[in-house]
J.: 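One structure is given below, represented as structure tokens, and several questions about it will come after.
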Amino acid sequence: MSVRVRFAPSPTGNVHIGNIRAAIFNWLFARHNRGRFLLRVEDTDRERSTPEAIRTLLDCMEWLGLDYDEPPVYQSANSIRHLEVAEELLGRGLAYRENKGGGGECVVFRMPTEGRLGFVDLVKGAMRKRAGDTQDFVIVRSNGTPVFHLANVVDDIDMGITHVIRGDDHVENTFKHIELFKALNAPVPHFAHLPMIVNNQGKPYSKRDGAAFVGEFREQGYLPDTIFNFLLLLGWAPGDDREVLTRDEMIEFFALERCKSSAARFDVKKLLWMNGEYIRNKPREEYAREFLARVTAAGLSTEGVDLEGIMEQMQVRTRFYSDIPDNCAYFFTDDYAFDQKAVSKRLLKEGIPELLEKIAGEYQQLDPFTVESTHALLEEMARRQESGMGALVHPVRVAVSGSAEGPGLFEMLVLIGRERVCARLQQVAQRVRNGGFETASAAQD
RNA sequence: GCGCCUAUCGUCUAUCGGUUAGGACCCAAGGUUUUCAUCCUUGUAAGCGGAGUUCGACUCUCCGUAGGCGCGCCA
């Protein structure tokens, strides 16, 4: 029988990482087994299940590449069917009506009281429990609406689900659900329960611990590949030392048997590293697409610059695409920001204006203006004035880029271009002399 | 309280009775007297405690301990 799995979230407007991880594992399991991955929107809570919430859910799935093989099933559309099943159960004496506390009659499903309940969880192994430890439970509310357990099981039956892969918090429900499957003479699917994602204190990871929703990571600039890969590694490992995997590798090696059954901590440091890893390893064309989009969106003109050269320098230094405009605006505009700390440390010193002007003068004459020649010139200068290279390199860097960080200085100079470099050196020299940087910092304080 | 589950470096993990317990993140040092980043090299760091089974247990069993989950007319 071919594999059919489903992701069954209730749309609330946010998609929690623990939740989407269940989707990822389901998706991988389906793809690995050449089965079908289905989406069922459990939208029976009409208050929270707004069209926007559903849209958000669908967006997240698309962003992560979690494509489903059949049109989404909306649980709210099946209420009548759920109720019919409840009637059937009632008729066969497997459920009964009860009136607890005056709210009218609800329908309660009868759990066995004798013997043992149990199932083999594909990740946790044998699960056992005495019958009687699990109480009868409500399947239809006194207001006539079906309860989760009923709806969930009936829909799984109707959708032909063969494997239920979900969060650890559903383990106890499984004992109930299995009895429901049996009562309805339906084949009992296999179950697999995924460990929880926890925070530094070992508590369930929530909004309080930082970004907890897929949308938040997306906004912060994380790549879908990063999130997908990272979440997969929380509770699963291929068995060898690989960690950064392609989607195809994940599909090929995924196995529920390799899932851990203990909770995993969410380590943002590693996530950050992984994002940089993915960006660095992107083909240049793809990086270029993102780079260009961000730069132009920031209102920067790329006219007349060596884009390819700049990107070569920047790709290895990019942790988030969203950082790009701030990190390299100075390549595109003369109106770049100055890092106050760098300015104080490197420019607000005795003799700096003179030094910058001198270098500007020399660079103006230099022919050709290359990485080698600009480098050699400063080396020569350093030798003559018997100072270290640092005394020249740092002020120049801060003057032309406003920052203490960035590509190698001489690569940077060539990319900015001789004219701009010289003009900037002159301008900054003037501004330092006029106290322009000091007032700027004073104004900020 | 009752039930179920879990337990390897700080973190994510490998190991499926015999290993110098491996890798990755983080941190530290070096390559690197122009920064940042990358890259490379090296280093620090682990089997929760106690019994038992066994020639031999991280691995199997039991008892503790700690943590998680569940015990809704929520999903």
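Chain A is the first sequence line, chain B the second, and so forth, proteins listed ahead of strands; every chain is numbered from 1.
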J.: Suppose we define a pair by two distances each less than 3.5 Å, Watson-Crick or G-U wobble; what does U19(B) pair with here?
T.: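 Check on U19(B): unpaired, no WC or wobble geometry under 3.5 Å.
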
J.: Distance check, C1' atoms only: U42(B) and C48(B), in whole angstrom units.
T.: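 About 31 Å, rounded to a whole number of Å.
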
J.: What integer number of Å spans the P atoms of U11(B) and G49(B)?
T.: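 Comparing P positions in U11(B) and G49(B) gives a spacing of 15 Å.
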
J.: Strictly below 4.0 Å, heavy-atom distances to any atom of RNA chain B: list the hits from residues 399-413 of chain A, or just say none.
T.: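 Going residue by residue through residues 399-413 of chain A, the ones with a heavy atom under 4.0 Å of RNA chain B turn out to be Ala404(A), Glu405(A), Gly406(A), Pro407(A), Gly408(A), Leu409(A), Phe410(A).
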
J.: If you measure from the P atom in G47(B) to the same atom in A29(B), how many Å do you get, rounded?
T.: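 My reading of the P atoms in G47(B) and A29(B) gives 26 Å.
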
J.: How far does the C1' atom of C74(B) sit from the matching atom of C12(B), given to the nearest Å?
T.: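 Pairwise C1' distance, C74(B) against C12(B), rounds to 32 Å.
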
J.: Return the value, rounded to whole Å, for the distance between atom CZ of Phe7(A) and atom P of A75(B).
T.: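 To the nearest whole Å, that distance equals 17 Å.
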
J.: Send over the distance from Leu245(A) CG to G23(B) P, rounded to a whole Å.
T.: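 It is 18 Å, rounded to the nearest whole Å.
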
J.: Please tell me if the side chains of Cys328(A) and Phe291(A) come closer than 4.5 Å, counting only heavy atoms from C-beta onward.
T.: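 They are in side-chain contact.
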
J.: Could you tell me which nucleotide pairs with C74(B) by Watson-Crick or G-U wobble geometry, both distances under 3.5 Å, or answer none if nothing does?
T.: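 WC or wobble partner does not exist here.
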
J.: Residues from residues 138-150 of chain A sitting under 4.0 Å of RNA chain B, heavy atoms only?
T.: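 Result for residues 138-150 of chain A: Val138(A), Arg141(A), Ser142(A), Val147(A), Phe148(A), His149(A), sorted by number.
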
J.: When you measure from the centre of the six-membered ring of Phe25(A), is the NZ or CZ of Arg21(A) closer than 6.0 Å and no more than 45° off the axis?
T.: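 Yes, Arg21(A) sits over the ring of Phe25(A).
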
J.: How far, in whole Å, is U44(B) from G23(B) if one measures between their P atoms?
T.: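 Straight-line distance between the two P atoms is 12 Å.
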
J.: Roughly how many Å is it from CG in Leu83(A) to C1' in C73(B), rounded to a whole number?
T.: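 Checked: the CG to C1' distance equals 13 Å.
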
J.: Test: salt bridge (Lys or Arg N to Asp or Glu O under 4.0 Å). Region: residues 73-84 of chain A. Which pairs qualify, not counting sequence neighbours?
T.: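 Residue pairs with at least one partner in residues 73-84 of chain A: Arg81(A)-Asp158(A).
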
J.: Base, sugar-phosphate, or nothing: which does Arg130(A) touch, judged by heavy atoms less than 4.0 Å apart?
T.: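 No contact.
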
J.: Distance check needed: U33(B) P versus Arg383(A) CZ, whole Å only.
T.: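 Going from Arg383(A) (CZ) to U33(B) (P), I get 19 Å.
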
J.: What is the nucleic acid contact for Arg128(A), judged by heavy atoms within less than 4.0 Å: base, sugar-phosphate only, or nothing?
T.: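 Touches sugar-phosphate only.
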
J.: Would you call Arg397(A) and Glu411(A) a salt bridge, taking side-chain N to carboxylate O under 4.0 Å as the test?
T.: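 Glu411(A) and Arg397(A): not salt-bridged.
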
J.: Side chains of Ser49(A) and Asp43(A): donor-acceptor distance under 3.5 Å anywhere?
T.: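 No, because no side-chain N or O of Ser49(A) sits under 3.5 Å from a partner of the opposite role on Asp43(A).
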
J.: A45(B) pairs with which nucleotide, Watson-Crick or G-U wobble, both distances below 3.5 Å?
T.: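 Here A45(B) is not engaged in any pair, so there is no nucleotide opposite it.
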
J.: Answer yes if the ring centres of Tyr68(A) and Phe37(A) are under 6.0 angstrom apart, and no otherwise.
T.: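 Not close enough - the centres of the two rings lie 6.0 Å or further apart.
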
J.: Give each protein N/O atom lying under 3.5 Å from an N/O atom of nucleotides 25-31 of chain B, with the pair distance.
T.:
residue: C25(B); atom: O2'; partner: Lys270(A); partner atom: N; Å: 3.2

J.: Could I get the full list of side chain to side chain donor-acceptor pair (under 3.5 Å) partners for Asp155(A), not counting sequence neighbours?
T.: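 Only Gln75(A), Asn78(A), His82(A) meet the side chain to side chain donor-acceptor pair (under 3.5 Å) criterion with Asp155(A).
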
J.: Please state how far atom CE in Met111(A) lies from atom C1' in G72(B), giving the value in whole angstrom units.
T.: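 Nearest whole value for this atom pair: 16 Å.
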
J.: What about the rings of His32(A) and Phe254(A), do their centers lie closer together than 6.0 Å?
T.: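 Ring centroids of His32(A) and Phe254(A) are no less than 6.0 Å from each other.
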
J.: Taking atom C1' in both U13(B) and A46(B), what distance in whole Å separates the two?
T.: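 Approximately 12 Å lies between the C1' atom of U13(B) and that of A46(B).
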
J.: Restricting to pairs with a member in residues 143-154 of chain A, which pass side chain to side chain donor-acceptor pair (under 3.5 Å), not counting sequence neighbours?
T.: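 Residue pairs with at least one partner in residues 143-154 of chain A: Arg6(A)-Asn152(A), Glu42(A)-Asn152(A), Arg141(A)-Thr145(A), Asn143(A)-Thr145(A), His149(A)-His177(A).
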
J.: So which protein N/O to nucleotides 60-70 of chain B N/O distances come out below 3.5 Å?
T.:
residue: G68(B); atom: OP1; partner: Lys203(A); partner atom: NZ; Å: 2.2

J.: With rounding to whole Å, what would you report as the distance between C36(B) and U15(B) at their P atoms?
T.: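 Comparing P positions in C36(B) and U15(B) gives a spacing of 39 Å.
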
J.: List the residues meeting side-chain contact (heavy atoms from CB on, under 4.5 Å) with Thr113(A), not counting sequence neighbours, and say none if there are none.
T.: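 For Thr113(A), no residue satisfies side-chain contact (heavy atoms from CB on, under 4.5 Å) once neighbours in sequence are set aside.
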
J.: The side chain of Arg258(A) is closest to which nucleotide in this list: U15(B), U8(B), C12(B)?
T.: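 Closest nucleotide among those given: U15(B).
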
J.: Can you list, pair by pair, the side-chain donor-acceptor contacts under 3.5 Å of residues 123-132 of chain A, counting residues two or more places apart and other chains?
T.:
residue: Lys124(A); atom: NZ; partner: Asp168(A); partner atom: OD1; Å: 3.0
residue: Lys124(A); atom: NZ; partner: Asp168(A); partner atom: OD2; Å: 3.3
residue: Lys129(A); atom: NZ; partner: Glu172(A); partner atom: OE1; Å: 2.5

J.: Think Arg431(A) forms a cation-pi with Phe338(A), using NZ or CZ under 6.0 Å from the six-ring centre and within 45 degrees of its axis?
T.: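 Cation-pi check for Arg431(A) and Phe338(A): passes.
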
J.: Can you tell me the pairing partner of C25(B) across any strand shown, Watson-Crick or G-U wobble, with both distances under 3.5 angstrom?
T.: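 Base-paired to G10(B).
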
J.: Are Glu277(A) and Arg280(A) close enough for a salt bridge, meaning some N to O gap below 4.0 Å?
T.: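 A salt bridge links Glu277(A) with Arg280(A).
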
J.: Rounding to a whole Å, what distance do you find between Glu277(A):CD and A24(B):C1'?
T.: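 So the two atoms are 10 Å apart, to the nearest Å.
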
J.: C36(B) base to Arg317(A) side chain: any donor-acceptor pair below 3.5 Å?
T.: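 Yes.
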
J.: How would you list, by chain and number, every residue that makes a salt bridge (charged side-chain N to carboxylate O under 4.0 Å, His left out) with Arg166(A), sequence neighbours excluded?
T.: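 Expected list: none.
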
J.: Does U35(B) have a Watson-Crick or wobble mate here (both distances under 3.5 Å), and if so which one?
T.: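 Partner of U35(B): none.
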
J.: Only distances under 3.5 Å count here; give the side-chain donor-acceptor pairs of residues 53-60 of chain A to other protein atoms, sequence neighbours excluded, each with its distance to 0.1 Å.
T.:
residue: Arg55(A); atom: NH2; partner: Asp59(A); partner atom: OD1; Å: 3.2
residue: Thr56(A); atom: OG1; partner: Glu52(A); partner atom: O; Å: 2.9

J.: What pairs with Phe253(A) under side-chain contact (heavy atoms from CB on, under 4.5 Å), at least two apart in sequence or on another chain?
T.: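 Only Trp236(A), Arg242(A), Glu249(A) meet the side-chain contact (heavy atoms from CB on, under 4.5 Å) criterion with Phe253(A).
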
J.: Does G67(B) have a Watson-Crick or wobble mate here (both distances under 3.5 Å), and if so which one?
T.: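 Paired with C5(B).
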
J.: Report the base-pairing partner of C60(B) (Watson-Crick or G-U wobble, both distances below 3.5 angstrom), or none.
T.: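 In the structure as shown, C60(B) has G52(B) as its Watson-Crick or wobble partner.
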
J.: Between atom CD in Gln75(A) and atom C1' in C74(B), what is the gap in whole Å?
T.: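 After rounding, the gap between these two atoms is 13 Å.
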
J.: Determine the Euclidean distance between corresponding C1' atoms of U6(B) and C58(B); express it in Å to zero decimal places.
T.: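 Rounded to whole Å, the distance is 15 Å.
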
J.: Among Glu312(A), Glu290(A), Glu308(A), which residue meets the salt bridge (Lys or Arg N to Asp or Glu O under 4.0 Å) test with Arg284(A)?
T.: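 Of the listed residues Glu312(A), Glu290(A), Glu308(A), the salt bridge (Lys or Arg N to Asp or Glu O under 4.0 Å) partner of Arg284(A) is Glu308(A).
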
J.: Round to a whole Å and report the spacing from CD1 of Ile324(A) to P of A37(B).
T.: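 From Ile324(A) CD1 to A37(B) P: 18 Å.
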
J.: Mapping Glu42(A) and Arg265(A) to their closest nucleotides on RNA chain B, which lands nearer the 5' end?
T.: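 In this pair, the answer is Arg265(A).
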
J.: Which residue, His375(A) or Ala264(A), contacts RNA chain B at a nucleotide closer to its 5' end, judged by nearest heavy atom?
T.: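 Looking at the nearest nucleotide for each, Ala264(A) comes out on the 5' side.
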
